[in-house]
Every structure is written in C-alpha cells, then in structure tokens.
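In what follows, a structure is listed as structure tokens, so that the remarks can point back to it.
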Amino acid sequence: MKKVRVRFAPSPTGPLHIGGVRTALFNYLFAKKHKGDFLLRIEDTDQTRYVEGAEDYVMKSLEWIGIKVDEGIKEGGNFGPYKQSERREIYKEHIKILLNNGSAYYAFDTPEELDEMRKRLEEAGSSVRHYNAFTGKDMKNAFTMSEKEVESWINSGKPYVIRFKMPEKEELVVKDIIRGEVKVNTSQLDDKVLFKSDGLPTYHMANIVDDHLMQISHVIRGEEWLPSLPLHVLLYKSFGWENEMPLFAHLPLLLKPSGKGKLSKRDGDQLGFPVFPLEWKDPKTGDISAGYREDGYLPEAFINMIALLGWNPGEDREIYNLEELVKKFDLTKVQKGGARFSPEKAKWFNQQYIKKTSAEDLTDIVVPLIKERGIDIDSLYIEKVTGFVKERMVLITDFWNQAAFFFETPTEYNQKIVKKRWKEDTPEVLIQVYDILESIRDDKFTTEHTEDAIKEYIDKRELNFGNVLNPLRLVLTGTGGGPHLFDIISAIGKEETLKRIMNGVSKIRK
RNA sequence: GGUCCGUUCGUCUAGAGGCUAGGACGCCGGGUUUUCAUCCCGGUAACAGGGGUUCAAUUCCCCUACGGACUGCCA
C-alpha cells in the first residue's frame, strides 16, 4: 500500500462545527493509525463567502483537541501552497488538459439565463432540471455556438465558465470504503461548472487537482459529498489519473439532538449546548456562539465523545484517549446511518474525564477561574479544594458553584435547607459545637481531630448526627450539599469556622 | 419533482444466518454516605413494515414507509 496521506480541507466560511471537527478527527485517526500524514488545506475558492478569522479558528480548534497537522499553511510542506487561492496558476494549467481532450467546454450563459432554464424545466414537469448535453442545447456554449463566436467571446473579455462534459448514458460504479459500491448512470448527472467566471475553480476541480498533486491516498469527508463522487471519479479519469486515484470514505452526518435534520450552527443556541469547539464571535454581527472549551469541557472528553459518534471499536468500553483512539480506529467500522448528537452524553464523558484527572492537573485548569474573581490564593490550597469537589463537577465551570465557600464566607443561606434542617435547639447545639472547636489547638485543627471531637460530643449528649452536622454544614457553606464536612472545617481553618458558626447563629431565622 | 444514501432500546451503539438481542447515556427503584455528588445493585426499553431465499433470518435479496444528503459560477 502506498503511503497514507489524508487531508482535512475546510472552507473558511465560518467557525468549524462539531461535524467538521469529527471529520478532521477521523482523518487524523486514520492517518496516524497507518503512520501517515495529516494535511490541512484551506479551500477558499469562494471569495464571496470568506470570513475573517475562520482560518485561524480551524487551526486553534485542531490545536485544542490535540491534533497535530503535518503539512499545512502554517506548517509548510513539500506540496504547497496549502491554500487554494494561492494555487490559481496550477488550476489554470490543469483546466487546459480537460479543454484539450474534450472533457470540458466553455459556456456563456448568465446566472439569469440559468435560472430561467431551471424554471422552464420545472414548469414543464421535467425530472431533469440541470445543465447537461440535452438541456444545454438551448443554451449558449461551445456546442451551440460556432468556433468563431466562442473565440471572439473569450477574446472580448466577457465572462464565461468552463463546464465538465458529462458522458452520456454511461453506467458507473464507484466505490466507498464505508458504503461499498454505488451505482449511477451518468445521464442523471449534470455538466458541473469547473471554472467560474472569476477565474477560480469550483470545489470539484480544485479538489481533484490538489488531492492528486498532494498525493492524497484516502479522501475521508462528509456524506454530503457522496452525490458528487461519480463526478470526481470521472474527473480523475479525464485527467488520466485513475490509477493513482485515492480511496473514498463518506462519513455519516451528525443529526440534531431532537427533531429532524442535520445538526446546524443555529441548534446550539436554541437547544442550549455548544455546536462549536471554541467560542466564536461573528466578526460582522458581534454575536457570540458558545464553545465547548469555554463551557467547561476538557478536550480529551470532547474528542472521545465526538469519536464515538458514528464509529465504535466494537467493545464494551467507551473511554479512550487520543492515542487509544488511534490504535483502535477502523474506517470500515464507521456507521452508515446518521448519528444524533446527545448533549447529555457529552456531559457524562466530561464528568468521567474530570474524575480521572488528578487534582494537581485540574488545579492548573481551575486557577484562572479563581483569579477571574479577584481571589489570589496559594495553589496548594486550590489543589486541596479541587480534590474535594472534583467528584461533583460535571463541567470545569462547575468548580466555583461547588467550591465558592472554600474561598468566601457565605452571605446567604439556602432557605429550603434552613426550613428542613434548622430546629428549635439548633442555635444552642451550634454554640456548644463552637466551644468544642474553639478549645482545639490551632495545630490540631485537622479533619481527624475536629471530627473526633464533634462526634464524641454527639455521642455523649446522645444527639442525632444529622441534627448536628446538617445545620453545621449550613452555617459553614450556606447550603445542604458538598464534600466531607470536616474536610471543609480543616480547610477553611479554625478562625473562619468559628466566625461562620457565629454568623449563622445570629443570622438564620426560620 | 429527480438521483443517491440510510433505518437495532428515547439516544450512542454491539451484533456480520441459529444469542434469554449485549453495553453505555438517560430515566425509575434500592444500597452506601451526616448532606450533595461519587460508587454499587436492580429495573425500564429495540431489530420500521411486508414479501421472498433458507431447516433457520436482526443478519442475504426485493418492495413499501420513514429519515437524510444532493440537485448553485457554495463548499
């Protein structure tokens, strides 16, 4: 087998959404599995749709999820340039080949005339509504005009396009790694535009030329490209490259979590979950779309979740890091049907990853969240707190909610908990607890000592654990849940603990 | 309208002629815990429908239904 080389070739028309990220990921996994190269090519042949910052966004996204690009606009390589707008001359050279061997021809119809043609065909009830050898007979092109007319039109500088000459009535069998053989008759296909009037190629043209020149071995892309696969195969043949044609794999689409249709950029805001890896600010409108990173997802969890959408290694395991994904990846095990994206499962993955990340590593991630609030505390303390709360975090952004009371004295108390836990004799009990804790020497104010002391008190007075510990938790944290109570006590320290007890006793009224 | 692709619990999926159709998320119940979370145990729930082929179909073939993509001088 020849060297595996794959490419991810996004169009910089906006932020990459999770479908695009998955395509990139599958390409990467496949490349690395086979010790091959992963290239990033920017397909910016449509200048009207170019969006500022989109290119950079793609690279930042790949970087965040841990995908390393082997060749690309930033990394360089022997097959550049890796940006299609910088390859104009290459395409111009190549279109000549097709023009010369009769695989392509000039056409001079205006957009308006094309619209009219489609409307006419639709009204006539024709099942064919596109440009082909038959419908083209009523249009302006190299077949309906004389050689002289064509020549003078081009020489006059008037706009024209170049179309592919689709063979008439040819049975074609194209192969896809995931779907097997797909049969089509070329009579159903149209004479696609290969070169636009702005002098740039369309996707089809640029794609084939670049994939060939860049020695791409496998084309792994979204299912939306399956209908144009026959055209692409024909293009390879027309160039005389069929022996070096890459293998194709079309990935199933990602569907909306509920309802119909494929996942779109708008779904996120409507359904309350991100569809983008990173937060994106629209340069024109200033609108901000949520990103997984900013919402508190770990990149490892994110790719794990994405990888298992439409692919499965076939074992009862779900947690895989990048390296393991590479090892297990198999294109032939990719699902054929579309996969519905599940925000719930995404959260579960994140929770799993937070749980297995060490408190030390998590601290580095969490420190900025604390600094953001103007709190400057020793990171050893933060690490301790992180250890206490990480089991109850689903997203990184949950940290503050779970741990605020480790950093700030509670100013209000959860009324529901007050109602449930605050009893008639609670103030009295808490004052006794206060006295006990106060009598413990500073250097003995540990989880163990404080716990022993309070439990001893409860036993001696024959009190109920819950009736003492729950209100104590309430005055210390302001709420009803959280880590082990005595871990909290030892963490915030004697002075703060005592202060909070007095605060609570004086402030809480049922 | 046409072409193509698809269809296993609500969701992600395992399965590749013979299984009590397995796992995970979610949901429900129970246990552990001073609380919440974690954790553990249990439960819920699926082969879209109809024809074939076969001793035997979730698995192979056909049809229907449904879903999706494409049908642009966008990718």
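For the numbers below, each heavy atom of this structure counts, side chains included, while hydrogens, waters and symmetry mates do not. Below, chains carry the letters A, B, ... as their sequence lines are ordered, and counting in each starts from 1. Small disclaimer: the values here were computed from a predicted structure and weren't measured.
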What's the closest nucleotide to the side chain of A:Arg129 if the choices are B:C12, B:C5, B:G1?
B:G1
Would you indicate what A:Arg317 reaches in the nucleic acid, counting non-hydrogen atoms under 4.0 angstrom: base, sugar-phosphate, or nothing?
nothing
Looking only at side-chain atoms of A:Arg392, point me to the closest of B:A24, B:U71, B:C36.
B:C36
Of the listed nucleotides (B:C4, B:U34, B:U38), which one gets closest to any side-chain atom of A:Glu391?
B:U38
Proximal nucleotide (of B:C4, B:G15, B:G23) relative to the A:Glu318 side chain
B:G23
Do the rings of A:Tyr297 and A:Tyr292 sit parallel, tilted or perpendicular, given the 30° and 60° boundaries?
perpendicular
Which nucleotide in B:A14, B:C39, B:C4 has an atom nearest any side-chain atom of A:Lys355
B:C39
Give A:Gly466 one of three labels, base, sugar-phosphate or nothing, depending on what nucleic acid heavy atoms sit under 4.0 Å from its own.
sugar-phosphate
With a cut-off of 6.0 Å (strictly less than), are more than 12 heavy atoms of other residues, nucleotides or ligands near CD of A:Glu360?
no
Using the side-chain heavy atoms of A:Leu114, tell me which of these nucleotides is nearest: B:C73, B:A24, B:U11.
B:C73
What does A:Asp109 touch in the nucleic acid at a heavy-atom separation under 4.0 angstrom: a base, only the sugar-phosphate, or nothing?
base
Base, sugar-phosphate, or nothing: which does A:Ser126 touch, judged by heavy atoms less than 4.0 Å apart?
nothing
Under 4.0 angstrom, heavy atoms only, what part of the nucleic acid is A:Gln335 near: base, sugar-phosphate, or nothing?
sugar-phosphate
Heavy atoms under 4.0 Å, any strand shown: does A:Ser127 hit a base, just sugar-phosphate, or nothing?
base
Salt bridge between A:Glu451 and A:Lys455, side-chain N to carboxylate O under 4.0 Å?
yes
Which part of the nucleic acid, if any, lies within reach of A:Pro483 when heavy atoms closer than 4.0 Å are counted: base, sugar-phosphate only, or nothing?
base
What orientation do A:Tyr236 and A:Phe248 show, parallel under 30°, tilted 30 to 60°, or perpendicular over 60°?
perpendicular
Checking contacts here: which listed nucleotide (B:U34, B:U71, B:U38) is nearest the side-chain heavy atoms of A:Asn470?
B:U34
Residue A:Gln188, side-chain atoms from C-beta onward, closest of B:C5, B:C12, B:U3
B:U3
With respect to the phosphate group of B:G68, does any side-chain polar atom (N or O) of A:Lys256 fall under 4.0 Å of OP1 or OP2?
no
Here's one to test your reading of the geometry: is the NZ or CZ of A:Lys356 within 45 degrees of the ring axis of A:Tyr353 and under 6.0 Å from its centre?
yes
Does A:Arg340 get its side chain close enough to the base of B:C12, under 3.5 Å, for a donor-acceptor pair?
no
Sugar-phosphate only, base, or nothing, as touched by A:Gln351 at under 4.0 Å among non-hydrogen atoms
sugar-phosphate
Scanning all shown strands, the Watson-Crick or wobble mate of B:A48 with both distances under 3.5 Å is B:U64
Using a distance-only criterion (donor-acceptor N/O pair, under 3.5 Å, no hydrogens), is the base of B:C5 paired with the side chain of A:Arg179?
no
Starting the side chain at C-beta, find the nucleotide from B:C70, B:U34, B:U11 nearest to A:His484.
B:U34
Taking any heavy-atom pair under 4.0 Å as a contact, classify A:Gly310: base, sugar-phosphate, or nothing.
sugar-phosphate
Which nucleotide wins on minimum distance to the side chain of A:Arg118, given the candidates B:C25, B:U7, B:G72?
B:G72
